[in-house]
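Notes follow the structure.
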Amino acid sequence: MAILYKYSMLSDNRVITSLESSCCFLATLFPKVFCTSILTWSLYVLLFVIPDYVHSSALSTVISITGIVLYALCIFTYYRIIVIGPGSPLDYEELKIDNVSRISENPYDTDPAELPPDFLVLHTMKVNGTQGYRYCTKCSVWKPDRCHHCSSSGKCILKMDHYCPWFSTCIGFFNYKFFLQFLCYVAIYCIFLFAICAVIIYQFLVNGLFEDQFISLNLVFLLVLSFAFSLAVSVFALFLIYLCGNNLTTIEFQERRWNGRGSNEGDSRFNYEFDASGKQKKLANIFDLGFRENLKLVLGPNVWTWILPIDINKKSILCEYRNGINFKVDEETYAKYLHNAELQNQLNQQLRSYKDRIRREREANVIDV
């Protein structure tokens, strides 16, 4: 009986695990099917419904070719985001930690065998006298700057921006460019569709064709959907361009806005300076190199890499500033940050010395009594 009971419990666990896996698969499959279906249906209307309302064959050809190109760019970047993925420290053998429990027990141990590789230390804003080197106990990896552990993905993400349910994946360093391009392509495609549908329906009403003809419902639905999506996606795309131009992720933007921590995520005590009047103010974003240079870091060096979905990054330690591990920083702001960190460390040392002296004096007084 005990064996039968154990077998029954094991079978039940397998069924539950199988159901859970199936539900997760369907949850990740739904947004892909939905987005692909909407885009494909819009292309169908563009190629097979709209030409019936366009009297010029040349104009109809131009509309069809433009629509096909925009559709292809949208579909390509959508699945490019999913296939490439955001990138993770787990992709680099050099960032993996053999014995993370050893580091957890001694976070400030200076044993060279327990320190991260030199290429990670370069311009790493996580390193200071009180914070130490960042690492993840769940993934057993060293965490570079701007890296966060995503509970939805179950792993650390390089330059994590956010988790997007429409792709069932995170947006991070390696797919950030394609995500930005996808939003721009979709916004342009929706505006293009809305303009065509609006002109056709306007002429249909003004010319009084509704008296003896019926207009396709596909055209009406496309007008409504393209207007809604063009408005929503355009706002989101403009916001993302703003973040990209300031070299901020969505997480960093929220941290600067609500927590006052700054994009470098370092100790907030270091993220300040004083103006000429002696008033304290926050340091600028240390990763901000100027609007144009920030866009180049994400989109590439020339106009073709900006327009076309061309990958400019590589998962290689040797590919400096293109691997999601090291980031260019503003040297002036970086120097100010380090200066503030040094002053803070000196103050901490003085406070510790003062506390030790007071403690020794109290112990001496107790002994004398």
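All values below come from the heavy atoms of this structure, side chains included, with hydrogens, waters and symmetry mates left out. The residues of the chain are indexed from 1 along the displayed sequence.
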Kindly say whether the aromatic ring centers of H162 and F179 come within a distance under 6.0 Å.
yes
Is it true that a side-chain atom of S60 and a backbone atom of S56 form a donor plus acceptor pair closer than 3.5 Å?
no
Worked verdict on F167 versus Y78 for ring pair (Phe, Tyr, Trp, His ring centres under 6.0 Å)
CA-CA 8 Å; F167 301 91; Y78 179 85; 4.8 Å; yes
For Y242 and A237, indicate whether the former's side chain and the latter's backbone hold a donor-acceptor pair under 3.5 Å.
no
Calculate, to the nearest 0.5 Å, the distance between atoms CG and CD1 belonging to L43 and I38 respectively.
13.0 Å
Step through the shown structure and confirm whether more than 12 heavy atoms of other residues, nucleotides or ligands are within 6.0 Å of CD on E293.
yes
If you count the non-hydrogen atoms of other residues, nucleotides and ligands that lie under 6.0 Å from CG in N302, is the total more than 12?
yes
Polar side chain donor-acceptor pair, T250 to D161, under 3.5 angstrom
yes
Between Q203 (side chain only) and I200 (backbone N and O only), is there a donor and an acceptor less than 3.5 Å apart?
no
So, F34 versus W166, ring centres under 6.0 angstrom or not?
yes
Intermediate values then yes/no, side-chain contact (heavy atoms from CB on, under 4.5 Å), R146 and F287
CA-CA 10 Å; R146 319 179 84 176; F287 300 113; 3.8 Å; yes
Considering only heavy atoms from C-beta outward, does the side chain of I312 approach that of R322 to under 4.5 Å?
yes
Pair F182 and F178, ring centroids less than 6.0 Å apart
no
Indicate if F236 and F192 have the same hydrophobic cluster label, given that clusters are the connected sets of ILVMFWY residues with side-chain heavy-atom separations under 4.5 angstrom.
yes
Would you check if the side chain of D288 reaches a backbone N or O of N247 as a donor-acceptor pair within less than 3.5 Å?
no
Are any side-chain N or O atoms of N175 and backbone N or O atoms of G172, one a donor and one an acceptor, separated by less than 3.5 Å?
yes
Measuring from H149:NE2 to C156:SG, what's the distance to the nearest 0.5 Å?
5.5 Å
Give the C-alpha distance, both sets of side-chain angles, the deciding distance and a yes or no for side-chain contact (heavy atoms from CB on, under 4.5 Å) between E94 and W142.
CA-CA 9 Å; E94 296 85 349; W142 296 108; over 6 Å; no
Measure the CG-CD1 distance between L223 and I215 for me, rounded to the nearest 0.5 Å.
9.0 Å
Mutual orientation of the aromatic rings belonging to F194 and F227 [parallel < 30°, tilted 30-60°, perpendicular > 60°]
tilted
Give a yes-or-no answer on whether the side chains of S230 and Y189 include a donor-acceptor pair shorter than 3.5 Å.
no
The salt bridge (Lys or Arg N to Asp or Glu O under 4.0 Å) partners of K155 (sequence neighbours excluded) come to none
Do S88 side-chain atoms and D91 backbone N/O form a donor-acceptor pair below 3.5 Å?
no
Between M160 and C150, does a side-chain contact (heavy atoms from CB on, under 4.5 Å) hold up when you go through it step by step?
CA-CA 8 Å; M160 180 176 172; C150 176; 3.9 Å; yes
Considering residues, nucleotides and ligands other than F239, do more than 12 of their heavy atoms fall under 6.0 Å from its CZ?
yes
Quick one, C244 with L180, criterion side-chain contact (heavy atoms from CB on, under 4.5 Å). Give me CA distance, side-chain angles, the key distance, then yes/no.
CA-CA 9 Å; C244 183; L180 177 58; 4.2 Å; yes
Spatial distance of atom CD1 (I84) from atom CZ (F174) [nearest 0.5 Å]
9.0 Å
Find the distance between CD1 (I50) and CG (N218) and round it off to the nearest 0.5 Å.
10.0 Å
Minimum heavy-atom distance between C190 and F229, given as atom pair plus value:
SG-CB, 3.6 Å
From CG (L308) to OG1 (T77), nearest 0.5 Å
11.5 Å
Report the hydrophobic cluster partners of V141, with the cluster defined as I, L, V, M, F, W, Y residues connected by side-chain heavy atoms closer than 4.5 angstrom, directly or transitively.
L90
Could you tell me if the side chain of S42 sits less than 4.5 Å from the side chain of L222, heavy atoms only?
yes
So is K315 actually on top of Y92's ring, under 6.0 Å and inside 45° of the axis?
no
With side-chain hydrogen bond (donor to acceptor under 3.5 Å, both in side chains) as the test, would you mind laying out the steps for T40 and Y71 before giving the verdict?
CA-CA 8 Å; T40 304; Y71 167 83; 2.9 Å; yes
Are a donor atom and an acceptor atom from the side chains of N246 and N285 found within less than 3.5 Å of each other?
no
Side-chain donor-acceptor contact under 3.5 Å, T36 with Y79:
yes
